[in-house]
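Let me give you the structure first, and then I'll get to my questions.
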Amino acid sequence: MKVAVLGCGTIGRGVVDILLNGVKGMKLAKILDKKEKFVPELIEYYTDNVDDIMLDESIDTVVETMGGRGFSYTCVRRALELGKNVVTANKELIAYHLKELSDLADEKGVYLLYEASVGGGIPFIKTLSNLSQINRSKSIIGILNGTTNYILTKMQKDGLSYDEALKGAQKLGFAEANPTADVEGHDMVRKIAIISMLAFKQEISVDDIYTFGITKVSKKFIDIVNNNGYTLKFVCFTNRTSCGIELGVEPVLFKNDAVFANINYETNFVKFDMDPNDALTFIGKGAGRLPTATAIVSDLTVIRDKGQKMFFNNIKKRHVGFEDKIVDAYVEKDGEVKLLQGVKSGEIRGGSYDFYAMIYKD
Ligand code: HSE
C-alpha cells in the first residue's frame, strides 16, 4: 500500500512520522506541501505539484490533512475519481460533502474514511456508522471541542481569564488556525453534523445548525453559576423530537457532580442514546497531533486489511428545527446575571442575551 499525504501541518506531520517509524504493509510515497514549508529531513518525499501524486498509479491511498473546502475538496474528488482510497481528518469537508463524496467512493469501489474528523483519537465514527444500521437513534450530546473545553475548565477550575485560557489552548496546538471556529461553535457544528448524519441517516445542512458561542462568557456569570452548584460546558446535541430532529451547539449547565461537569481540559466526551443499544459513551483525547494522526493511521490499516467500509444511508427526510421546551436558564444582559425558571427554550435562544446557559435535564 503506497500512501501520499496532502498537507504536512500539525496532523499531517504526525501521520508522516508514524508511517516513517514503520507500519506493516504501508509505505509513505509522497508529501504534498508548499515549497516554503519543506523541511530537510523529508526532502526525498516532497512535491508541490499534486499531479505527481494523482497521476502516479502506484499510489493507491491519499491522506488529506490540508483542511478547508477549496483545494482539499478538489483533491479528494479527483483522488476518488481516479480510484484512490481517501482518508481525511477534514471535518469541514466531510460535514458539507458527506453524501456526494460517499456516493463517489461507493461508485468507484474505494474507501472514504474519516475517523479523525470527529473526536480526534477517540475511535467512534466507524462504530457509529455500523451501529446506526441496526439501531434507532434517539439523542446525541457531546463535548467535542478540546479548545473550548480547555478554556472553560481553565476559567472555572484555575481562575484564568478567557484570553489567558484561549492563549493556552493555542499554545498547546488544539485550536483551529482561526480559533473563531472553536469559540463560536462552528467546529462543533461540523462535528455534530457528521455524527448526526450517520446516526439519523439523513443529510443535514451545516449552515442551518444553530450555534451560540462562548466569547461573551463573563467571570461574573461563571462565579454565579459555580456558586449555585453548576458547571458551565459548551456542548453539541441532537434530539429526536415529535416532528423530526433538533440540533445545535450552545453553552449548557450541568450539576457539579454530573459526568459532563467532570470532563475537563481538552478531553472530549460523547453520549449516544439509541435503541436497542441504549446509552453508549466515548471519552478520550479529541484533539492534538498524535491522537488525531493515530486515528488516520487506524483508517489506513482498515484499507490495508480490506476491512469495513463506511456507510452513509441518506434515507430519511425529517424536519430539522427546535421543539419549544420548558427550561430553567441563567442569562446575562448588560452585566446583570439572573436565573429564569419555567421559560420557553425559544425565548432564551431568541432573547438577545449577552450570554445564556440552560440547565441540563436528563
Ligand atoms: N480545534 C479542534 C478542537 C481540533 O479544539 O477540538 C480537533 O478537532
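Both ligands and their constituent atoms are indexed starting at 1 by order of listing.
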**Message:** Any carboxylate oxygen within less than 4.0 angstrom of a Lys/Arg side-chain nitrogen, looking at K91 and D187?
**Reply:** yes
**Prompt:** Is there at least one pair of N or O atoms, one from A175 and one from ligand 1, spaced under 3.5 Å apart?
**Reply:** no
**Prompt:** Around atom NZ of K333, are there more than 12 heavy atoms of other residues, nucleotides or ligands at under 6.0 Å?
**Reply:** yes
**Message:** Heavy atoms only, cut-off 4.0 Å: how does D182 contact ligand 1, side chain, backbone, both, or neither?
**Reply:** side chain
**Prompt:** Considering K91, K285, E176, which one's heavy-atom position lies nearest to atom 1 (N) of ligand 1?
**Reply:** E176
**Message:** Between ligand 1 and K191, can you find any atom pair, the residue atom being a heavy atom, that is separated by under 4.0 Å?
**Reply:** yes
**Request:** Flag yes if more than 12 heavy atoms outside Q133 fall under 6.0 Å of its CD atom; otherwise flag no.
**Result:** yes
**Prompt:** Relative to each other, are the rings of F237 and F322 parallel, tilted or perpendicular (30° and 60° limits)?
**Reply:** tilted
**Prompt:** In terms of ring plane angle, is the pair F260 and F269 parallel, tilted or perpendicular, where the classes change at 30° and 60°?
**Reply:** perpendicular
**Request:** Could you tell me which atoms of ligand 1, counted from 1 in the order shown, lie closer than 4.0 angstrom to a heavy atom of G286?
**Result:** 7 (C)
**Prompt:** Is there at least one pair of N or O atoms, one from G146 and one from ligand 1, spaced under 3.5 Å apart?
**Reply:** yes
**Item:** Numbered atoms of ligand 1 (with element) below 4.0 Å of T147, judged on heavy atoms
**Value:** 1 (N), 3 (C), 5 (O)
**Asked** G120 near ligand 1, heavy-atom distance under 4.0 Å?
**Response** no
**Request:** Answer yes if the ring centres of F272 and F124 are under 6.0 angstrom apart, and no otherwise.
**Result:** yes
